[in-house]
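Here's the structure we're looking at; comments come further down.
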Amino acid sequence: MQDTIIRVTGLKKTFNTTKVLNGVDFSIERGQIVALLGSNGAGKTTIIKILSSLLQQDAGTVTIDGYNVATQPDKVRGVISLTGQFAAVDEILTGRENLILVARLRDVPNPRKVAQELLTQFGLLDAADRRAGIYSGGMTRKLDIAMSLVGKPAVIFLDEPTTGLDPEARHEVWNTIKDLSSRGTTILLTTQYLEEAEQLANRIAILHGGNIIADGTLSELKKLLPPAKKEYIEKQPSLEDIFFAITGKKGAEK
């Protein structure tokens with residue numbers, strides 16, 4: 001039996017005269033990674049803000065782990081965590097001090113032990129006592145996500161978590177997200193990178209025109225396309241082809 005942890009029904013939001021969300025419906029099962037795709041201005045961040053109780057919807061219902069976001073925001077905040085587009089790391093503090101600070105703010109018992117466990121989990125022990133301001137982009141984002149895990153939230157919202165990272169750092173964050181999911185954490189992420197959604201998501205939802213216009217696994221979404229056409233393209237010779245043709249070695253030394 002599926003365990004629905006996030007349920008969104010008829011979600012609407014208008015800014016001035018611009019309708020951003022026009023009746024959004026979707027649900028997420030416990031432990032899933034769901035990627036929310038859409039062009040700039042489609043409303044992805046607006047959805048994240050509403051689900052994390054930072055913005056009031058105009059209409060619709062959102063429940064997270066059985067709590068209503070509009071009427072029980074304090075309960076909702078106790079089971080979620082949000083990592084925004086920009087890291088919320090204090091660059092003056094060390095990695096360890098950042099984690100201890102968040103643990104104390106969340107009134108988590110034994111903050112130093114919690115910090116040690118998260119530093120170990122995220123492979124940051126060697127840099128634990130260095131100032132966060134000198135961390136690489138990938139390390140900063142990993143610390144940011146680690147801070148989101150203080151208190152062991154059931155749901156994490158990741159709003160474009162790898163924006164601005166180099167490919168190596170991006171893959172580090174991907175591995176972190178996969179590990180979180182394997183431990184049972186439910187993740188809703190927004191992204192501009194289609195490859196990121198392919199690599200991470202159990203399900204993909206596409207937001208367009210204020211509505212979810214497609215929602216399913218990658219395989220299910222592929223079925224929405226017409227059968228692929230076979231096209232034959234003349235292959236241009238590569239420098240390698242030219243080299244072996246001229247030398248007459250026919251790739252013998254490849």
Side-chain angles (χ1 to χ4, degrees), residues 2-70 76 80 82-85 154-164 170 173-174 177-178 180-181 185-231:
Q2 289 183 322
D3 181 7
T4 300
I5 190 168
I6 298 176
R7 190 179 300 279
V8 178
T9 307
L11 192 62
K12 295 184 179 182
K13 185 64 181 179
T14 299
F15 293 103
N16 296 323
T17 58
T18 303
K19 287 185 178 181
V20 178
L21 305 177
N22 193 29
V24 170
D25 300 297
F26 66 91
S27 61
I28 300 177
E29 308 308 320
R30 194 178 299 273
Q32 279 191 328
I33 302 176
V34 174
L36 183 60
L37 305 182
S39 58
N40 286 332
K44 302 186 300 297
T45 298
T46 299
I47 288 178
I48 293 291
K49 286 183 176 180
I50 291 173
L51 267 59
S52 55
S53 76
L54 298 176
L55 183 66
Q56 182 69 49
Q57 69 263 41
D58 296 333
T61 303
V62 179
T63 59
I64 299 179
D65 208 14
Y67 300 118
N68 187 296
V69 172
V76 168
I80 69 167
L82 168 64
T83 297
Q85 295 180 23
V155 177
I156 294 181
F157 301 122
L158 301 175
D159 194 8
E160 300 191 16
T162 62
T163 296
R170 182 172 295 132
V173 173
W174 287 359
I177 293 170
K178 290 175 183 177
L180 292 177
S181 178
T185 304
T186 304
I187 298 170
L188 174 61
L189 68 93
T190 70
T191 181
Q192 296 284 5
Y193 303 113
L194 301 185
E195 182 189 4
E196 187 160 277
E198 289 187 28
Q199 288 288 331
L200 297 177
N202 305 117
R203 277 185 30 240
I204 299 165
I206 300 175
L207 181 65
H208 182 74
N211 294 284
I212 300 291
I213 60 170
D215 184 357
T217 65
L218 181 59
S219 296
E220 290 169 343
L221 295 183
K222 285 180 177 179
K223 293 177 182 178
L224 300 177
L225 296 176
K229 293 181 180 179
K230 293 183 179 179
E231 296 182 355

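Across Leu200, Leu158, Val34, Val155, a single residue satisfies side chain to side chain contact (heavy atoms under 4.5 Å, CB included) together with Ile187, and that is Leu158.
Note on residues 196-214: pairs passing side chain to side chain donor-acceptor pair (under 3.5 Å), not counting sequence neighbours, are Gln32-Arg203, Thr162-Glu196, Trp174-Glu196, Thr191-Glu196, Arg203-Asp215.
Of all non-hydrogen atoms in Ala42 and Leu207, the two that sit nearest each other are O-CD2, 3.3 Å.
Not a single salt bridge (charged side-chain N to carboxylate O under 4.0 Å, His left out) links Arg7 to another residue, sequence neighbours left out. Looking at residues two or more places apart in sequence or on another chain, you find no side chain to side chain donor-acceptor pair (under 3.5 Å) involving Thr186. For Thr185, the side chain to side chain donor-acceptor pair (under 3.5 Å) criterion is met by no residue, not counting sequence neighbours. Taking the side chain to side chain donor-acceptor pair (under 3.5 Å) definition, one finds that Ser39 meets it with nothing, sequence neighbours left out.
A salt bridge does not link Asp159 to Lys44: none of the charged nitrogens lies less than 4.0 Å from a carboxylate oxygen.
Residues Asn40 and Gln192 have side chains in contact (heavy-atom distance under 4.5 Å, counting atoms from C-beta outward). Between Leu189 and Ile33, the closest side-chain pair of non-hydrogen atoms falls below 4.5 Å. Arg30 has its side chain within reach of Asp65: a pair of non-hydrogen atoms, C-beta onward, lies under 4.5 Å apart.
Here OG1 of Thr4 is found 12.0 Å from CZ of Phe26. Values are rounded to the nearest 0.5 Å. Going from atom CG of Leu82 over to atom CG of Leu54 covers 6.5 Å, rounded to the nearest 0.5 Å. Residue Leu221 holds its CG atom at 5.5 Å from CD1 of Ile206, rounded to the nearest 0.5 Å. Between Asn68 atom CG and Thr63 atom OG1 the span is 7.0 Å, to the nearest 0.5 Å. Taking CZ from Phe157 and CD1 from Ile47, the interatomic distance works out to 10.5 Å, rounded to the nearest 0.5 Å. In this structure, CD1 in Ile6 is found 8.5 Å from CD1 in Ile80, a value given to the nearest 0.5 Å.
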side-chain contact (heavy atoms from CB on, under 4.5 Å) evaluation trace for Leu218 with Ile204: CA-CA 7 Å; Leu218 181 59; Ile204 299 165; 4.3 Å; yes
Can you give each donor-acceptor pair under 3.5 Å made by side-chain atoms of residues 8-25, sequence neighbours left out, with the distance rounded to 0.1 Å?
unit_1, atom_1, unit_2, atom_2, d
Lys13, NZ, Gln56, O, 2.8
Asp25, OD1, Gly10, N, 2.6

